[in-house]
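Notes for the one structure printed next.
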Amino acid sequence: MKQKIKNLILKAALNAHEKGDLPSSKFPDVEVEAPKIEAHGDFSTNIAMVMASVQKMQPKRIAEAIIKNIDNQEGIIAKTEIAGPGFINFFINSVSWHPVLRRIHEEDDRYGASGIGKGMKIQVEFVSSNPTGPLHVGHGRGAAFGDAAANILLFCGYNVEKEYYINDSGRQINTLGRSVLFRYRQLLGKDIEFPDDCYQGDYIRDLARQIKEDKGSALLDQREDETVLYCAQFAAKQIIAGIRDDLKSFGVEFDNWFSEQSLYDSGKVDKVLNDFRKQNIIYEKDGAHWFKTKEFGDEKDRVVIRNNGQTTYFASDIAYHKDKFDRGFERVIDIWGADHHGYIPRIKASIEAAGYSKERFDVILVQLVNLLRGGEPVAMSTRAGEFITLADVISEVGSDAAKFIFLTRHHESPLDFDLELAKKKTNENPVFYVQYVHARISSIIRKGRERGIENTGWDEKAIAMLKEPEEINLIKSLGSYPETVRLSAEFMEPHRITFYLMNLASSFHAYYNKHRVLTDDPLLTCARLYLVVAVKKVIRNGLTLLGVSAPEKM
RNA sequence: GCGCCUGUAGCUCAGAUGGAUAGAGCAACGGACUUCUAAUCCGUAGGUCGCAGGUUCGAAUCCUGCCAGGCGUACCA
């Protein structure tokens, strides 16, 4: 509809110029928007104001010239007016909204989809939590965000791959192995102190117990470096399996799990470091090897090989990001916790140095989550091993509520997650508010069937009966869904869909309370059923993008 | 110190490439269930958009400075 108005305006401007009403043929991009205030019409354009200086005319004169030349043969426009400093407001004939409903029924679960991505191969990497402990709430936000963003991109015609990067190499893995080994020794009666720098959580004890059941006391007699390695590999494998399970129960699945260790095994880390040496952008100082990231805009150079000969995490990350582009992704998006923001310049440096444009790479920072219970902060200490895991949250509030709440904020805004609030089944908790619409409409359909009323198709005569303000309002809202999805993809902002759904839900509940769908008039009932089924489809489509279920009953 | 993010109603937050009178929910107050699910709806009230300048027809939005909070600033990941 907006596009139609745009075209009408453009054509009107051209006509006006041909007839001599407008001196210049230079027209700016036509901007059409839906005004916030109802009295300002359904659509509004500022074109007359924008053109004023080029046309050397008063905005109001320009507006008059355009309105005069609008071709309203289809009768879409009920009224136009010039308002304020020169806005042209368009009031749409309410009947003209109706075809939106047919489109929704026809396109069904593809309504809102588009081809703006043009099949571009794009990778979204998210969560990528270290396999040294279970996922916590912050990872949950990253998971909900990344998954929704990927769904939206896919829906908009991108060729999306979701990837999880497993840091199964390096120091933290060694620490994991040591942690488990110490607990294992304690289990076998050794009186030893558990080191401070090891992971404290109870899950380490559980892993040690499993090894004990497996191997008995056999590990006590072996060389320490071998047992640490064994414990590390065993533990990491178990923890990754746990992470996969948690994500699965959260409704998030990945297309690819990428191992950091594999970059070493395949020699990709060595290779990229050698390439950089040849380019003379790696040098030695104080026994360490430094990558000249400063030359690429970082604030200082960064170590890639420590003076003890071990590579840093950054070294494998260089190889990893190069590999992403080598695999043919045209765009690469990393979703990180906001506390890693200082890491961005060096990754961009490495991408440039590897010969790819950093413009093709984006990092989206997701702000931290404050966990609350009844308004009070929940103490979270990783050190002491006291934290609420994502699995805890899912089992307490459910994945639908958790996901939806994670997606009710812009990703750059910190989020207070209140466990008590997330469980409340009231308007304070928006997920139920939206899901309730789906359940209510399902119920209407069931009730209709009981009375022998089936959802019939498009019937011009019936649809023409939809003229209550609440009905037109609902249809308008339905009509703006595709644009919401498009903007959501363009700006990587899934929360736009969340807010859209809450708004649509509000329009529906208001309608539901004021009007009955199943009436004594068969034609009207048919029309209203057609309308609410369209609402149901859009609610379902939106929730699906967010990874949230749309229940038939609540 | 430097860098990134945030600052909008009592609380939690939206606010499109700069648009007209800044919007929701919660909390407060007053109403609506013999009728399709009251997990709902309707109404009232609530604001110096952190502060100060600047850019222009027009700023919550862009620019500069300041204030407050969070995060980062490793040969950790």
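Throughout, a chain's letter reflects where its sequence line sits, starting with A, and its residues are numbered from 1.
A:I66 is not listed as a side-chain neighbour of A:T80, based on a closest heavy-atom distance of 4.5 Å or more.
The side chain of A:Y433 contributes an N or O atom lying less than 4.0 Å from OP1 or OP2 of B:C41. The phosphate of B:A39 has neither OP1 nor OP2 within less than 4.0 Å of any side-chain N or O from A:R440. At the phosphate of B:U37, neither OP1 nor OP2 sits under 4.0 Å from any side-chain N or O atom of A:H438.
Separating the CG atom of A:N89 from the C1' atom of B:A20 is a distance of 9 Å, rounded to the nearest angstrom. Straight-line distance from the CZ atom of A:F508 to the P atom of B:C42: 13 Å, rounded to whole Å. Computed from coordinates, the A:H515 NE2 to B:U40 P distance equals 19 Å when rounded to whole Å.
Across all strands shown, B:G65 forms a Watson-Crick or G-U wobble pair, both distances under 3.5 Å, with B:C51.
Among the protein residues, A:S443 comes within range of the nucleic acid bases, having at least one heavy atom under 4.0 Å from a base atom. At a threshold of 4.0 angstrom between heavy atoms, the contacts of A:T132 with the nucleic acid are absent. As judged by a 4.0 angstrom heavy-atom cut-off over every strand, A:N174 is placed among residues making no nucleic acid contact. Note on A:K553: a base of the nucleic acid sits closer than 4.0 angstrom, heavy atoms only. Using a 4.0 Å heavy-atom distance criterion, A:R409 is classed as a sugar-phosphate-only contact.
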Completion exercise
Per-nt protein contacts along nucleotides 71-77 of chain B (heavy atom under 4.0 Å; B base, S backbone sugar-phosphate only, - none) come out as BSSSBSB
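Under 4.0 Å is where a charged nitrogen must lie from a carboxylate oxygen, and between A:K324 and A:E125 at least one such pair does.
With the nearest nucleotide of RNA chain B identified for both A:F499 and A:F491, A:F499 has the one nearer the 5' end.
Of the candidates B:C13, B:A16, B:U37, B:A16 carries the atom nearest the A:E483 side chain, counting heavy atoms from C-beta on. The side chain of A:A510 approaches B:C42 more closely than any other nucleotide in the set B:U37, B:C42, B:A20. With B:A39, B:G19, B:C41 as the choices, the nucleotide that has an atom nearest any side-chain atom of A:F432 turns out to be B:A39. When distances are taken from the side chain of A:F87 to each of B:C41, B:A39, B:A20, the shortest belongs to B:A20.
The neighbour count for A:R449 CZ, taken as heavy atoms of other residues, nucleotides or ligands under 6.0 Å away, does not exceed 12.
Base orientation at B:C33 is syn, since its O4'-C1' glycosidic dihedral falls within 90° of 0.
Listed here is the closest heavy atom pair of A:L518 and A:L529: CD2-CD1, 4.3 Å.
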